[in-house]
Amino acid sequence: IQLTQSPSLLSASVGDRVTLSCKGSQNINNYLAWYQQKLGEAPKLLIYNTNSLQTGIPSRFSGSGSGTDYTLTISSLQPEDVATYFCYQYNNGWTFGGGTKLELK
Amino acid sequence: EVQLVESGGGLVQPGRSLKLSCAASGFTFSNYYMAWVRQAPKKGLEWVATISTSGSRTYYPDSVKGRFTISRDNAKSSLYLQMNSLKSEDTATYYCARERTSFDYWGQGVMVTVSS
């Protein structure tokens, strides 16, 4: 299964509602996770099984979707959210998307 | 606290071998699948290998199948990645990760550079 993330680069302002997209080449059956990677750090799990928030992750992060189309939403962008975000499917093999780089406008 | 600490990276010539290690602590290692994930410089993430709790089942993408071998020692809470016939395209930071529905904890990564 191939994952396509869009956009590849997103500029937004503090307080904005931000939506990142991830589209699979086949049905992912909700086995979709989202990771945040800050510069020079290891990836951090944000969301698993489409919409389950990992322990310790702020509630401004949420996930949704079904079938082939999934979304990560940040309800109110904070400066510390500047990072690259990767989606990941584990329904059929293990595949990462190419990433969306989120920067402040 | 879950901790994963990788070691064994470095500079290696094409065609040579290298073995990475990952020391786990803070959880019952033998209860979890474990994996290696890599990231080439300024690139995205690529899953490299997964191993079952007992070590009896292993999984690899085509890009490393036949060259890389994942293994574990549950008594030592350690994960390994034996990398043979290394190529320049194997240059990356290699992360050890715990699997529970997804990769829920990651190590800090270890750099492997394949160059003559």
Side-chain angles (χ1 to χ4, degrees), chain A residues 1-9 20 22-25 28-57 61 63 65 70 72 83-103, chain B residues 1-7 9 20 22-27 32-52 57-65 68 70 79 81 92-112:
Chain A
I1 296 178
Q2 294 184 339
L3 297 178
T4 302
Q5 290 189 242
S6 60
S8 55
L9 176 63
L20 285 63
C22 178
K23 185 175 181 64
S25 59
I28 295 171
N29 289 311
N30 294 114
Y31 292 109
L32 193 285
W34 290 93
Y35 292 89
Q36 176 193 67
Q37 187 177 33
K38 297 182 179 180
L39 200 60
E41 297 184 6
K44 178 193 295 185
L45 177 64
L46 302 175
I47 301 284
Y48 62 95
N49 292 347
T50 297
N51 55 17
S52 296
L53 192 67
Q54 174 70 345
T55 303
I57 301 301
F61 291 93
Y70 297 82
L72 174 69
T84 299
Y85 292 81
F86 295 95
C87 60
Y88 159 71
Q89 71 82 25
Y90 41 103
N91 176 59
N92 184 350
W94 296 263
T95 316
F96 289 92
T100 292
K101 186 175 181 180
L102 177 59
E103 62 179 27
Chain B
E1 179 193 5
V2 172
Q3 285 199 320
L4 299 169
V5 180
E6 302 93 339
S7 60
L20 305 182
C22 172
S25 60
F27 65 102
Y32 291 86
Y33 276 49
M34 296 294 295
W36 290 95
V37 178
R38 69 183 179 183
Q39 186 170 35
K42 300 191 183 303
K43 298 293 186 183
L45 298 165
E46 180 186 18
W47 162 71
V48 171
T50 288
I51 188 167
S52 64
R57 287 168 292 180
T58 57
Y59 308 88
Y60 307 93
D62 289 343
S63 58
V64 307
K65 195 176 294 183
F68 289 12
I70 187 172
L79 180 72
L81 185 67
T93 296
Y94 285 74
Y95 295 100
C96 163
R98 190 180 83 167
E99 279 201 58
R100 185 187 70 87
T101 68
S102 53
F103 303 127
D104 62 349
Y105 285 94
W106 299 58
Q108 84 288 352
V110 63
M111 185 67 198
V112 173

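Numbers restart at 1 for each chain; the letters A, B, ... are given by sequence-line order, proteins then strands.
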Q) Judged by atom type as modelled, is there a donor-acceptor pair below 3.5 Å linking the side chain of A:Tyr35 to the main-chain atoms of B:Phe103? A)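 Side chain of A:Tyr35 to backbone of B:Phe103: a pair is present.
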Q: Measure B:Thr93 against the heavy atoms of chain A and call it side chain, backbone, both or neither at under 4.5 Å.
A: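 Neither the backbone nor the side chain of B:Thr93 comes within 4.5 Å of chain A.
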**Q.** A:Glu103 CD: over 12 foreign heavy atoms closer than 6.0 Å
**A.**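 It does: A:Glu103 CD has more than 12 such atoms within range.
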Q. Is the CZ atom of A:Phe96 crowded by more than 12 outside heavy atoms at less than 6.0 Å?
A.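 Counting neighbours around CZ of A:Phe96, more than 12 heavy atoms of other residues, nucleotides or ligands fall under 6.0 Å, so yes.
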With rounding to the nearest 0.5 Å, note down the distance linking [atom1] in [X] to [atom2] in [Y].
X	Y	atom1	atom2	result
A:Tyr48	B:Asp104	OH	CG	9.0 Å
B:Ser102	A:Ile47	OG	CD1	10.5 Å
A:Gln37	B:Tyr95	CD	OH	5.0 Å
B:Glu99	A:Trp94	CD	CH2	6.0 Å

Q) Quick one: side-chain contact (heavy atoms from CB on, under 4.5 Å) partners of A:Ile1, sequence neighbours excluded? A)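 Only A:Leu3, A:Ser25, A:Gln26, A:Ile28, A:Gln89, A:Asn91, A:Asn92 meet the side-chain contact (heavy atoms from CB on, under 4.5 Å) criterion with A:Ile1.
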Q. Counting a contact as any heavy-atom pair under 4.5 Å apart, which residues of residues 34-42 of chain B contact chain A?
A.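 Answer by number: B:Val37, B:Gln39.
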Q.
I'd like to check the side chain to side chain donor-acceptor pair (under 3.5 Å) partners of B:Ser63; sequence neighbours left out, ordered by chain and number.
A.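 Result, side chain to side chain donor-acceptor pair (under 3.5 Å) vs B:Ser63: B:Glu46.
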Q | side chain to side chain donor-acceptor pair (under 3.5 Å) partners of B:Tyr105, counting only residues at least two apart | A |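 Counting only residues at least two positions away or on another chain, B:Tyr105 forms no side chain to side chain donor-acceptor pair (under 3.5 Å).
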Q.
How close do B:Gly107 and A:Ala42 get, counting heavy atoms only, and between which atoms?
A.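 Nearest pair, atom of B:Gly107 first, then A:Ala42: O-CB, 3.2 Å.
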